Number of protein chains: 2
Amino acid sequence: MAPRRPTSRDVARLAGVSRTTVSLVLNNVPDVHISPETRQRVMDAARQLNYYPDVSARRLASGRTRTIALVWHRGPDQTYQDAFLPGVLQGITRAARHYGYYVLFRPIEPDEPNGSYVELARGRHTDGLILSGPRSDDPHLLHLHRDGFPLVLHGQLPGADIPSVDVDNVRGAMTAVEHLLALGHRRIGTITNASLAYTSSRQRLDGYRQALEQAGIPFDEDLVRYGNFDEGSGQAAMEMLLSLDRRPTAVFVASDMVAMGALRAIQDRGLRVPEDMAVVGFDDIPPSRFIAPALTTVHVPTFGLGWSAAELLIRIIEQDIPNEIHALLKTELMVRESCGRRTAVGRPGEQ
Amino acid sequence: MAPRRPTSRDVARLAGVSRTTVSLVLNNVPDVHISPETRQRVMDAARQLNYYPDVSARRLASGRTRTIALVWHRGPDQTYQDAFLPGVLQGITRAARHYGYYVLFRPIEPDEPNGSYVELARGRHTDGLILSGPRSDDPHLLHLHRDGFPLVLHGQLPGADIPSVDVDNVRGAMTAVEHLLALGHRRIGTITNASLAYTSSRQRLDGYRQALEQAGIPFDEDLVRYGNFDEGSGQAAMEMLLSLDRRPTAVFVASDMVAMGALRAIQDRGLRVPEDMAVVGFDDIPPSRFIAPALTTVHVPTFGLGWSAAELLIRIIEQDIPNEIHALLKTELMVRESCGRRTAVGRPGEQ
DNA sequence: CTGAAAGCGCTTACAG
DNA sequence: CTGAAAGCGCTTACAG
């Protein structure tokens with residue numbers, strides 16, 4: 001940009017006012033009376049000079065960046081995360097824009113040193129952070145929170161009372177299992193999405209257990225197997241369930257990716273879905289709609305998660321802190337083909 | 001953050017040096033000799049005070065933001081874009097981090113006023129922009145380029161000589177069609193990914209034509225149908241191809257999303273893939289691996305696109321401009337099930 | 001090898 | 001309703 005950039009001084013000169021007035025007008029500062037004529041003169045001058053305020057100067061003077069960052073910890077569940085990223089990011093950016101904020105995207109690779117995101121806060125890069133996949137043993141997180149830096153977690157961190165946004169995993173799992181029960185299944189297996197060290201795994205398993213309990217079906221440890229994010233783990237887990245003496249007639253797989261493997265295991269045995277084995281998943285990743293049979297699954301509202309997180313964070317930044325700082329979003333059961341239609345006669349339960 | 005943030009002055013005082021020295025040490029400015037002892041004293045003081053330089057101040061003083069933005073125009077092909085976003089963004093952020101840059105993500109919704117991204121450049125928000133889905137009638141783009149603002153396009157913009165990164169659509173389409181030819185097909189249809197107003201559509205159709213030409217097969221207008229990003233368009237287009245008196249034995253669908261619809265149309269007719277109709281797609285979106293039969297398709301290197309774009313942009317920003325400012329990335333044919341295996345005896349061509 | 005000083009371009013009390 | 005002035009916290013010639 002060869003020609004010198006115009007500054008607020010140039011605008012002020014052209015409009016015949018002070019730089020103060022230029023700033024007041026351009027930032028639309030409330031409760032300050034400036035005549036409409038003056039306002040117009042300033043606007044016209046700015047337009048004529050093609051003036052854009054220098055954001056770095058503005059930030060330095062105001063102490064606010066109007067930027068938030070999404071800190072996206074990459075873990076062993078990359079494919080899974082990738083399925084969520086577009087929706088979450090769109091939710092965040094839309095909310096951010098609505099409130100006049102910018103969004104910095106900061107993925108953290110597994111090999112980066114712990115807490116390498118703190119400079120985004122300490123260096124006044126951003127006014128607040130949304131963190132996905134936080135680890136409970138992260139001292140930097142706690143320090144930042146203690147120092148009053150605005151933070152919102154995606155997911156939950158037991159213990160610390162940091163604002164958070166998550167999906168209602170327990171209720172989501174319950175609706176999935178209730179769907180199977182309504183179809184007449186009584187012997188229902190489950191495969192977790194990951195190890196129970198993950199909060200979401202524990203919660204989804206809890207939902208499974210609660211749904212059975214409400215239906216008066218005793219919880220049977222034998223019907224629980226453990227997945228680990230990927231297809232391979234689902235395939236292995238399903239094979240174990242299929243090898244049971246009294247195998248289930250239906251299975252709740254707490255992750256669509258894992259369910260892909262489970263479906264393969266079922267089909268490899270020459271069994272049919274849903275006739276021989278009903279399957280319900282969780283997450284509603286894009287492939288689930290396209291496979292045959294299309295997977296009935298629990299939809300996770302990615303856009304809503306992003307929007308809620310950004311909105312909550314911005315309210316905290318702007319000191320308009322809501323009473324409830326933990327949001328739990330509703331899921332929705334997507335009934336497709338892998339359990340048979342609800343209208344169909346339920347499969348006869350065992351015995 | 002209640003306690004006053006430490007500034008470079010505090011660090012200087014504690015280390016017993018001037019602020020200049022602090023800046024020189026912390027920024028690792030080359031070609032300036034400072035004794036190792038002094039260096040160490042500064043580092044220690046910074047650590048002890050938990051000092052992080054204020055980036056706004058740094059940017060204002062240096063005139064550089066070390067930030068690039070991805071401007072992501074949302075169009076009619078959202079699902080398609082969502083399949084690409086994670087890879088592209090990861091490529092960009094990894095390259096950015098490698099060179100010490102931050103990444104701002106700025107999606108543009110279809111209803112936003114034209115050129116609403118220019119403030120990112122004019123307001124000195126970023127040092128450069130990567131733009132996806134640029135429209136050739138965008139005057140702001142041309143102005144920015146004329147003013148010397150660093151820009152890299154994702155995709156190509158005929159006419160303007162703006163640096164760009166794209167996938168080699170022509171060669172990609174050729175390998176897809178050559179695969180079908182190698183399997184013995186001679187009557188091969190095609191369905192475009194979108195209207196020919198899109199450069200990628202035109203190029204992929206060109207690849208189809210060239211592959212046929214090289215095999216000595218005359219181009220037949222009847223075998224060309226037009227898709228429009230989504231499944232529905234693929235289904236409709238495929239139905240037309242299936243209604244032909246002499247229908248093709250194979251089809252190259254220039255988009256996996258569109259291919260999903262084409263597959264449905266084939267199966268709705270009770271025909272089998274690949275036995276009755278071989279199908280090869282383009283893009284390699286996640287669902288393509290999971291459907292049955294798994295889709296043979298042309299893989300688009302999303303990570304590479306992102307990395308190349310960011311790297312090219314940063315080189316331009318740092319005045320280290322390469323000779324070739326237009327990158328064309330190689331695709332890779334992913335042979336799966338929808339064309340039959342290469343090892344299988346080729347299907348007999350018509351006649 | 002190091003320091004005093006100007007300057008980056010805004011915002012914001014404060015005074016009028 | 002408007003203006004003069006201080007200040008935000010750095011970097012960077014420049015002088016020594």
Side-chain angles (χ1 to χ4, degrees), chain A residues 1 3-42 45-46 49-67 100 119 121-125 127, chain B residues 1 3-42 45-46 49-67 100 119 121-125 127:
Chain A
M1 305 227 243
R4 194 177 61 79
R5 294 184 36 151
T7 69
S8 67
R9 166 165 281 123
D10 299 317
V11 177
R13 197 174 298 149
L14 183 59
V17 299
S18 72
R19 292 161 71 207
T20 305
T21 306
V22 171
S23 174
L24 261 25
V25 169
L26 262 31
N27 288 317
N28 238 310
V29 176
D31 301 329
V32 57
H33 281 226
I34 294 177
S35 70
E37 294 76 33
T38 304
R39 239 171 237 286
Q40 195 56 51
R41 274 215 315 285
V42 172
L49 294 172
N50 196 28
Y51 170 70
Y52 287 85
D54 183 302
V55 296
S56 298
R58 201 204 278 260
R59 289 172 174 185
L60 179 58
S62 71
R64 309 210 26 220
T65 64
R66 295 201 79 87
T67 300
E119 54 157 352
R122 304 282 185 199
R124 280 206 172 139
H125 227 298
D127 295 336
Chain B
M1 305 224 243
R4 194 178 61 78
R5 297 188 45 190
T7 69
S8 67
R9 167 165 280 123
D10 298 317
V11 177
R13 196 174 300 149
L14 183 60
V17 299
S18 71
R19 293 161 70 207
T20 306
T21 307
V22 171
S23 174
L24 263 24
V25 170
L26 262 30
N27 289 317
N28 237 311
V29 177
D31 299 330
V32 55
H33 282 224
I34 295 178
S35 70
E37 295 75 31
T38 304
R39 241 172 236 284
Q40 195 55 51
R41 274 216 314 286
V42 171
L49 294 172
N50 197 26
Y51 171 70
Y52 287 86
D54 183 302
V55 296
S56 299
R58 200 203 280 259
R59 289 171 175 186
L60 179 59
S62 72
R64 310 209 26 220
T65 65
R66 295 200 80 86
T67 300
E119 55 155 352
R122 304 282 186 198
R124 279 202 173 142
H125 227 298
D127 295 336

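Convention: sequence-line order gives letters A, B, ...; per-chain numbering from 1. Everything numeric in this text was worked out from a predicted model, so none of it was measured.
For the pair B/L14 and B/V11, the minimum side-chain heavy-atom distance is 4.5 Å or more. A heavy-atom distance below 4.5 Å is found between the side chains of A/N28 and A/R39.
Every side chain to side chain contact (heavy atoms under 4.5 Å, CB included) that B/L24 has, sequence neighbours left out, goes to B/T20, B/V29, B/V32, B/I34.
Residue contacts for B/V17: at a heavy-atom cut-off of 4.0 Å it reaches the sugar-phosphate backbone alone, with no base atom in range.
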Check your understanding: Given pairs defined as Watson-Crick or G-U wobble with both distances under 3.5 Å, what dot-bracket annotation applies to DNA chain C, with ( ) intrastrand, [ ] crossing, | other strand and . unpaired?
Key -> |||.||||||||.|||
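Between A/S18 and D/dA4 there is no side-chain polar atom (N or O) within less than 4.0 angstrom of OP1 or OP2.
Across all non-hydrogen atoms, the minimal contact from A/T67 to A/H125 is CB-O, 4.1 Å.
The backbone N or O of B/T65 sits less than 3.5 Å from a side-chain atom of B/D127, completing a donor-acceptor pair. When atom types are taken as modelled, the side chain of A/R5 and the backbone of A/Y52 share a donor-acceptor pair closer than 3.5 angstrom. A distance-only check finds a donor-acceptor pair linking the side chain of A/R66 to the backbone of A/G100 [under 3.5 Å].
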Revision key, fill the gap. B/S/- along nucleotides 6-16 of chain C (protein heavy atoms under 4.0 Å) is -BBBBSBB---
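Open room surrounds CZ on A/R9; 12 or fewer heavy atoms of other groups in view lie less than 6.0 Å from it.
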